[in-house]
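Accompanying notes for the structure given below.
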Protein chains: 2
Amino acid sequence: MNSIIKLFIPLTGVLSIVVAGFFYKWLDKQVSKNTKSLEFSKEIQIGSVTYLKRLFQALFMLAGVITLIILFCLGWQTAIAYLAGAICSGSAAWAGMYISTRANAKVAWAARKGIKVAFPIGFFAGAIMGLSVVGLALIGMSIIYYIFGDPNIVLGFSFGASSLALLAKAGGGIYTKSADIGADLVGKVEFNLKEDDMRNPAVIADNVGDNVGDVAGMGADIFDSYVAAVVAVMILGFELYHGKVEFVFYPLVLGAVGILASMLGMIIVKYRKSDDPGSNLNAGTIATTIFFAILTYFVCKTLNIGGVFWPTIAGLVAGVIIGFTSDKFTDIEQKPVQDTAKAAQTGAALLILNGFSYGLLSVLPSVLGICGAMAVAWFSAVGAGISGVYGVAVAAVGMLSITGMIISADAYGPIVDNAKGCAEAGGENEKTIAVCDKLDAAGNTAKAITKGFAIGAAALTVLALFSVYSETVGLKILDLRNPGVAVGLFLGGMMPAVFSALTILAVSRNAFKMVNEIRRQFKEIKGLLQGKVKPDSAKCVDIATTGALRELILPGVLSFLAPLIVGFTLGVNALGGFLAGSIVVGIIFALFMANAGGLWDNAKKYIEDGAFGGKGTEAHKAAVIGDTVGDPFKDTAGPSINTLITVMSLVATIFGPLMVKFSIFNL
Amino acid sequence: MNSIIKLFIPLTGVLSIVVAGFFYKWLDKQVSKNTKSLEFSKEIQIGSVTYLKRLFQALFMLAGVITLIILFCLGWQTAIAYLAGAICSGSAAWAGMYISTRANAKVAWAARKGIKVAFPIGFFAGAIMGLSVVGLALIGMSIIYYIFGDPNIVLGFSFGASSLALLAKAGGGIYTKSADIGADLVGKVEFNLKEDDMRNPAVIADNVGDNVGDVAGMGADIFDSYVAAVVAVMILGFELYHGKVEFVFYPLVLGAVGILASMLGMIIVKYRKSDDPGSNLNAGTIATTIFFAILTYFVCKTLNIGGVFWPTIAGLVAGVIIGFTSDKFTDIEQKPVQDTAKAAQTGAALLILNGFSYGLLSVLPSVLGICGAMAVAWFSAVGAGISGVYGVAVAAVGMLSITGMIISADAYGPIVDNAKGCAEAGGENEKTIAVCDKLDAAGNTAKAITKGFAIGAAALTVLALFSVYSETVGLKILDLRNPGVAVGLFLGGMMPAVFSALTILAVSRNAFKMVNEIRRQFKEIKGLLQGKVKPDSAKCVDIATTGALRELILPGVLSFLAPLIVGFTLGVNALGGFLAGSIVVGIIFALFMANAGGLWDNAKKYIEDGAFGGKGTEAHKAAVIGDTVGDPFKDTAGPSINTLITVMSLVATIFGPLMVKFSIFNL
């Protein structure tokens, strides 16, 4: 039995990669014959590769330093695992970018033939990313575990993945929003250009940004939560149920089952011949969820650990609740968006206040969902004679197991977004562009739901890691009445606020430079506004790239150093409080920012669709300001906080045993 | 010895009231002979009284219900104490309002003779409020303690004060900002009217708002922190050092000493003949701080409890650090404000993002200050053989003891702000108005510092209350690894976010109504814009009043019910986590909002002073949007959060013993 399971896990991972390969071969056969559109796509490819290369150089240095530290402090096994994690995560991000920047022109070309032809190209291009991520993760984790036989070593793999994710997510977020804001503020507001107008020097950078932020960044982010959750359960299983192999293997098996469920979900998407891309995506996600729940039931039966079934489902349900909440608060048909748009009639100030408030309110149902999942997972586990800590960790894996499908739906977004750019650049007719628009709208909804999902998943994952940390450093209790823990709680709570501030300031500074550069080009390059000359897009790409990487240094270093400083000075109790504080505040900030940003975005769209006078009115101008404020909320700071709290938890756990020995005060 | 102390405390309170009475007699002799200005002042008086009456009606209902609940659940002693607290706090607020709305025209009249004549009127009018607050608090607490002999009964007094404070602060905040935003959005932006232009129908409501928000609201808020901190230390002294009377009396003695120090500080202000009102106020505060530190040293010697000296000073220093931080982040001469103003050149979006980020960054030094004070207080106490819990609580009292002076400087702000309005309304010449402007500028700085002070004080106070709660319900440890505590932490953390959302939405809705009413008046009342006819100010006052009280219900009820629900369902462990979560997130939100709001306000002023093109430019318009966004941050949500977390801690502590017995799940 054991060897079957042992074989089943990596083989499913391999199957995932093989299927992704088939999708790639199919995608490769699709063509675009619009040279202008291909040229546009080519520029995005070049920009993306430039950025990714330089990001990987930065990662190479960071990972090099960390590998040396790990090698010196924790031994070569963890160092190898760390490198493997960084490489797997990096490869998945690279593959996703490679595909998405090639699929865009093909989708645009296919859009001539309508939604039914174009949609599958976008979706299956995204699915290549989705399947690569989960496949690589599963293969990497299982092989490292089989070689070293200790899940604590696999934690190094997780840390490697997180290191990349932090750089990819925060860096990508700074990149994409500097370009986006710059392009909008000058192009749209000052010169009345449309989105994706090729005369705008920052258009290429903006489209590159969609890929580096939403494909590479989001992919790396979910990869990182996925791996961290699985490893957390493995370690808890290992520590709490030593010898009982099913508790260690359960999360890996769930991962494998999740891959199968995702593939079944993809089949549903393929054979569902609806004209509505959004409903296709949702059908795929729902089908995957149901398949997964059914398969999990049989897995629990077979492994004879029925007690973990409900914790798994609790996580899955929490994911659905958080996704729905994001949808409710950011949906163009619902009260929050329309109420916020209505306030635009008095100018930008009340619109911003309303969006800000609804963003904060959206924390309520999501946090209740997380608390509910936590409580159900804990008590149903305990009721079945299983450790509550293990139950909560399993909930995180339950939620993340359908990652394959989630990432597919998410990566679809920037692909069709870019496709629209390709169609505009290629001078396609209005009907084709309308098809692209419809594909894009579905992508935006998918993106909002995925963002909620990513935050919820990160929340449950860091809770699992928190337990792993406590077990690793031997904290049987973590007493809030201990002043060290209380101080830690405050310091940790401060981190998401400071991190958000640094990343948003980074976007603001970089966007300011971008604005000046675009203004300069329109002033100095004669004939640019008339469309006679091409803009110097490369210069804008360079500003975005250089700025993103430079601005990444301070928040990046802070994330790694802060837990080390707290741990090695105030001790493991204070660090426990620190992690707890960062988790609570981090989740609140992440939810609030993601949803407020999405809400402002759609309030703008609601007005553009004709409400309160539509485009060109004062209300619309106000809504554009709100949308711009929301940009770094939803695409830079908000989603990076997930990774921040995961990285800090991993640093604490990996270096915890050393802190126990060498902390200065040890409160 | 004991009876001398017992006498000393209430007698100092009485002395405080008597001195306030002398100030009032002196103030009464000051006159204004400008009838138009007096008329303006009269309208503000009427508006303020209308609002306060209706607020007290609302309070009467709320307090009635709570009194009955307390009577039924906890006995008549606590019920009486509760009522006494509400009445004392209400009286202080009423007295402050009464004075401030009468002093404004007098200051405006005196401004004809220059700053040196006008400044003392503003300051000593504020001092009446400051001395009344601390005097009433000290008399109330000591008498209730002498009668019942149990500081737990005095906790009822504190709860009464907090109930009023929550309504006064949040209600006042909603009132003042609905009026302010409404007046600005239509008057300034659409019709190009100046601040305090009498043609603007919302000008009276705006000026009333300054009084109800900043005099009555802020006064009640600090009264509430002050009482809560003193009672917390009394209870801890009572529980931890049963029989040792000096530990119970120490905070009361500190309060009395603080009154004496504040009076000495006021003397310094009186005899300091500087032309700069800001430097006069600061000199008073610094002198009070130094006098207080010296007196405290002797008190500790005399009472033979030298070990509490450093904890007291730690709190005082933390207060100074937080005050300075607020100043640094909101000062017009410093980088954050100027950097934010610079971003206005690209429009409102980057300005808002920058202010938002700097607001978040301002959390860093303040939280470090709070953590430092906590650690120093704890460990210096423990080093001297005193309980660390007691030490941290003492730090809160140390910080709050100079409240007399702090409130004086704070109440000065709205008085001179109103004075400017009176001068404008009275048609005073430019020189007089310039004097009022200068008085007002000093008031704004004082206000920023006080706000930081109020938040820091609330932070340390709720930490003290947290210890009292834990002692009262018998939580020797509060284990974060208990899932109930973790769930509580999340739920508590959510509260400040939800509360902020509700109060800001309230402002937004109410301001929206105000905007429509002002637009209606300008459209329908012929000759209004030409200054021939008076506006219907009463209608605007009514919108602000009715709206504020109606919008208060949901967040108000939530604050009282949430801790009861958590405590009676999930139990006292979960409620402990709930309080901890609300404190950490609450302090972060309060600091961030207060400082971001102050920063945007001054960024606007910086541009109005001529930077980046000055008034009328696009940059200025952008800065006005930022200022409006910041209004409810700094004057509604931000400062109300203090009171929210204090009220929730008090509810938890008072009903804690019942929860121990009757909680449903008791996780």
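Residue numbers begin at 1 in each chain, while the letters A, B, ... track the order of the sequences.
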Q) Hey, which of B:F589, B:F592, B:F490 has the most heavy atom pairs under 4.5 Å with chain A? A) B:F490
Q. What part of B:V389 lies closer than 4.5 angstrom to a heavy atom of chain A: side chain, backbone, both or neither?
A. side chain
**Q.** For chain B, the option from A:V363, A:V392, A:I370, A:V367 that forms the most heavy-atom pairs under 4.5 Å
**A.** A:V367
Q: Taking A:R481 for its side chain and B:L475 for its backbone only, find out whether a donor-acceptor pair lies under 3.5 Å.
A: yes
Q. Considering all heavy atoms of both residues, which atom of B:I588 and which atom of A:G493 are nearest to each other, and what is their separation?
A. CD1-O, 3.2 Å
Q: Name all residues meeting the ring pair (Phe, Tyr, Trp, His ring centres under 6.0 Å) criterion together with B:Y390; count only those two or more places apart in sequence or in a different chain, and write none if there are none.
A: B:Y241, B:F247
Q | Minimum heavy-atom distance A:L667-B:F379, with the two atoms named | A | CD2-CZ, 3.6 Å
Q: Could you tell me which portion of B:V487 (side chain, backbone, both or neither) has an atom closer than 4.5 angstrom to a non-hydrogen atom of chain A?
A: both
Q | Residue B:E471 versus chain A: region with a heavy atom under 4.5 Å | A | both
Q: Sequence neighbours left out, what pairs pass side chain to side chain donor-acceptor pair (under 3.5 Å) with at least one residue falling in residues 359-368 of chain B?
A: B:S362-B:N595
Q) Looking only at heavy atoms, which two atoms of B:L480 and A:A580 are closest? And how far apart? A) CD1-CB, 3.7 Å
Q | Pairs of heavy atoms under 4.5 Å with chain A: top-ranked of B:G347, B:P483, B:A348, B:S470 | A | B:P483
(Q) Restricting to non-hydrogen atoms, name the atom on B:A501 and the atom on A:S357 that form the minimum distance, rounded to 0.1 Å. (A) CB-O, 3.2 Å
Q. Where does B:P632 contact chain A at under 4.5 Å (heavy atoms): side chain, backbone, both or neither?
A. side chain
Q) Which of the residues B:L591, B:T346, B:D339 is involved in the greatest number of heavy-atom pairs with chain A at under 4.5 angstrom? A) B:T346
Q: Measure B:K476 against the heavy atoms of chain A and call it side chain, backbone, both or neither at under 4.5 Å.
A: backbone
**Q.** Where B:D479 and A:L478 come nearest, the two heavy atoms and their spacing
**A.** OD1-N, 2.8 Å
**Q.** Contact winner vs chain A - B:L505, B:T628, B:V584, heavy-atom pairs under 4.5 Å
**A.** B:L505
(Q) Can you classify the ring geometry of B:F356 versus A:F356 as parallel (below 30°), tilted (30 to 60°) or perpendicular (above 60°)? (A) perpendicular
Q.
Does any backbone or side-chain atom of B:F499 lie under 4.5 Å from a heavy atom of chain A? Answer side chain, backbone, both or neither.
A. neither
Q | Heavy-atom proximity to chain A below 4.5 Å, by part of B:L185 | A | side chain
Q. How close do B:L350 and A:F512 get, heavy atom to heavy atom, and via which atoms?
A. CD1-N, 4.2 Å
